[in-house]
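So the structure is just underneath, and the comments pick up after that.
Letters A, B, ... mirror the listed sequences (proteins, then strands); counts begin at 1. Everything numeric in this text was worked out from a predicted model, so none of it was measured.
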2 protein chains.
Amino acid sequence: MNLSLTQIKTQFQELGIKSTLPRVVIYQSLAKSMHHPSAEEIHLAIQKKYPGVSLATVYKTLDMLVQKSLASKVVTNEDKVRYDSKMDNHIHLYCEKTQKIMDYEDQELADMLTGYFSKKGIPNFKINKIQVNINGESKTTKNK
Amino acid sequence: MNLSLTQIKTQFQELGIKSTLPRVVIYQSLAKSMHHPSAEEIHLAIQKKYPGVSLATVYKTLDMLVQKSLASKVVTNEDKVRYDSKMDNHIHLYCEKTQKIMDYEDQELADMLTGYFSKKGIPNFKINKIQVNINGESKTTKNK
DNA sequence: TTCCTATTTAAGAATTATTATTATTTAAAA
DNA sequence: TTTTAAATAATAATAATTCTTAAATAGGAA
């Protein structure tokens, strides 16, 4: 999603987040990215336009965004953490060949799972979030 | 699952895995553990009875077990990888309070998901494994 | 606007998880 | 047993992330 710096500043103010340039730029970069970037990748991406933003700041800002529910961590088999600014419920498809993570919207599945667990529940467990991850292989001939 | 050293040796032989004491002990420890240990935790657990097994060997052995489909990686929000020797299809419950990971068997759900995707599929994607992770809170009064 | 103060940042050191290197040891086949 | 390829211990190296600290800055108060 493409967000303007002004849009982000407003959003931060509403949530009581102090609005600094590094933060705004980091969030903008994450929101624009479609491929669930790591801290390192975001750091690289913003270098061009905003050099001098340190990697440590990227990490701290991403943590802050997760705290404020503006982003979430995406865990993978790799040894680094990736981030997602899409906060609605969606599936992650992990391509075992390219290591790419794709989002997959499926409202029917989401409803099915919610319905299933609201009816049945899990003994002694309060469900907060159901995350479905599918491992497999992307069959697209062209990898955009 | 409690496995004797002899049982494991036999299992290794059937799979063409060279049977060394470090390997057997590491796999035994993983199989016995109910809480999806990290490499570090396994290393610690076997120290008592088998000191001198190096951490690097634990890592290499766990990798090997994953290759041979005797174990799988469990990814979490933490910054380290954890392992699971339970290879049937099951759900992971992540307790946000205790950080514990619990297994949850639900054949009905597994069948439902398999049925759903075999009927509908995902465009341009070959499904290998469906993993459901549920975040929430364990409500057990006593944490065994 | 200007000043104040708590928060944020940059820089780089430190820590932690994991992998690589290499000399030595060992399982198991001959 | 002897042989040999594979596995191990020890430790150095690397990669991701966090910590430390002094300097910079946002946003409220005057």
Side-chain angles (χ1 to χ4, degrees), chain A residues 5-6 8-27 29-30 36-47 49-68 70-71 73-83 99, chain B residues 5-6 8-27 29-30 36-47 49-68 70-71 73-83 99:
Chain A
L5 298 186
T6 324
I8 293 171
K9 276 181 193 166
T10 310
Q11 203 176 349
F12 279 3
Q13 264 155 18
E14 284 166 1
L15 291 165
I17 298 167
K18 199 182 240 184
S19 178
T20 68
L21 188 58
R23 286 178 164 186
V24 172
V25 165
I26 288 161
Y27 183 51
S29 174
L30 175 63
H36 310 79
S38 64
E40 181 70 49
E41 284 165 336
I42 289 178
H43 184 234
L44 212 74
I46 63 177
Q47 287 293 353
K49 294 195 73 171
Y50 304 92
V53 173
S54 82
L55 183 56
T57 300
V58 175
Y59 275 105
K60 285 193 66 181
T61 300
L62 289 170
D63 277 356
M64 181 274 291
L65 293 172
V66 170
Q67 289 302 319
K68 298 288 184 176
L70 289 176
K73 288 190 176 188
V74 178
V75 294
T76 74
N77 273 321
E78 302 169 77
D79 48 4
K80 63 185 160 190
V81 176
R82 296 166 69 167
Y83 293 84
Q99 314 291 347
Chain B
L5 297 186
T6 323
I8 294 171
K9 276 181 193 166
T10 310
Q11 202 176 349
F12 278 5
Q13 264 156 17
E14 284 166 0
L15 291 165
I17 298 167
K18 196 185 237 183
S19 177
T20 68
L21 189 59
R23 287 179 163 187
V24 172
V25 164
I26 289 162
Y27 183 51
S29 175
L30 175 63
H36 310 77
S38 64
E40 181 70 48
E41 284 166 335
I42 289 178
H43 185 233
L44 212 75
I46 62 178
Q47 287 294 351
K49 293 196 73 172
Y50 304 92
V53 174
S54 83
L55 182 55
T57 301
V58 175
Y59 275 103
K60 285 194 67 182
T61 300
L62 289 170
D63 277 356
M64 181 275 291
L65 293 172
V66 170
Q67 289 302 319
K68 298 288 185 176
L70 289 175
K73 288 190 176 188
V74 178
V75 294
T76 74
N77 274 323
E78 303 168 77
D79 49 3
K80 62 186 163 190
V81 175
R82 296 166 67 167
Y83 292 84
Q99 313 292 345

Report summary line: Atom CG of B:Asn77 and atom C1' of D:dT17 are separated, to the nearest Å, by 14 Å
Requested in this report: Decide side chain to side chain contact (heavy atoms under 4.5 Å, CB included) for A:Leu70 and A:Leu15; before the verdict, give the C-alpha distance in whole Å, the side-chain angles of both, and the deciding distance to 0.1 Å.
Outcome: CA-CA 10 Å; A:Leu70 289 176; A:Leu15 291 165; 3.8 Å; yes
Query - Pairwise distance CG(B:Leu21) to OG1(B:Thr57) - rounded to 0.5 angstrom - result: 11.5 Å
Query raised in the report: Excluding sequence neighbours, so at least two apart, what forms side chain to side chain contact (heavy atoms under 4.5 Å, CB included) with B:Thr20?
Result: B:Pro22, B:Arg23
Query raised in the report: What distance separates A:Met64 CE from A:Ile17 CD1, expressed to the nearest 0.5 Å?
Result: 5.0 Å
Query raised in the report: Which residues satisfy the side chain to side chain contact (heavy atoms under 4.5 Å, CB included) test with A:Lys9, sequence neighbours excluded?
Result: A:Ser19, A:Val24
**Report entry** Boundaries of the chain A footprint along DNA chain C (any atom under 4.0 Å from a heavy atom)
**Finding:** C:dT7 to C:dG12
Can you give me the N/O atom pairs linking the protein to nucleotides 23-30 of chain D at distances under 3.5 Å, or say none if there are none?
residue	atom	partner	partner atom	Å
D:dG27	OP1	A:Ser19	N	3.0

Report summary line: Overall bend of the helix from C:dT1-D:dA30 to C:dA30-D:dT1 (five pairs an end, 10° steps) is 30°
Report task. Please tell me if the side chains of B:Tyr59 and B:Ile42 come closer than 4.5 Å, counting only heavy atoms from C-beta onward. Result -> no
**Report entry** Rounded distance (Å) that lies between atom P of D:dA16 and atom NE2 of A:His43
**Finding:** 13 Å
Report summary line: Residues in residues 54-64 of chain A with a heavy atom under 4.0 Å of DNA chain C, by number, are A:Ser54, A:Ala56, A:Thr57, A:Lys60
Query - B:Ser38 backbone acceptor or donor facing B:Glu41 side chain under 3.5 Å - result: yes
Query raised in the report: Taking the side chain from B:His36 and the backbone from B:Lys73, do they hold a donor-acceptor pair closer than 3.5 Å?
Result: no
**Report entry** Candidate pair B:Val25 and B:Val53, rule side chain to side chain contact (heavy atoms under 4.5 Å, CB included), full reasoning
**Finding:** CA-CA 9 Å; B:Val25 164; B:Val53 174; 5.8 Å; no
Query raised in the report: Distance from B:Ser54 atom OG to B:Lys60 atom NZ, nearest 0.5 Å?
Result: 9.5 Å
Report task. Flag the pair A:Val75 / B:Thr76 as yes when at least one side-chain heavy-atom distance between them is below 4.5 Å, and no otherwise. Result -> no
Query raised in the report: Is there side-chain contact between A:Leu62 and A:Ile26, with at least one heavy-atom pair below 4.5 Å?
Result: yes
Query raised in the report: Considering only heavy atoms from C-beta outward, does the side chain of A:Phe12 approach that of A:Leu65 to under 4.5 Å?
Result: yes
**Report entry** Rounded interatomic separation in angstrom, taking CG from B:Asp79 and C1' from D:dT17
**Finding:** 7 Å
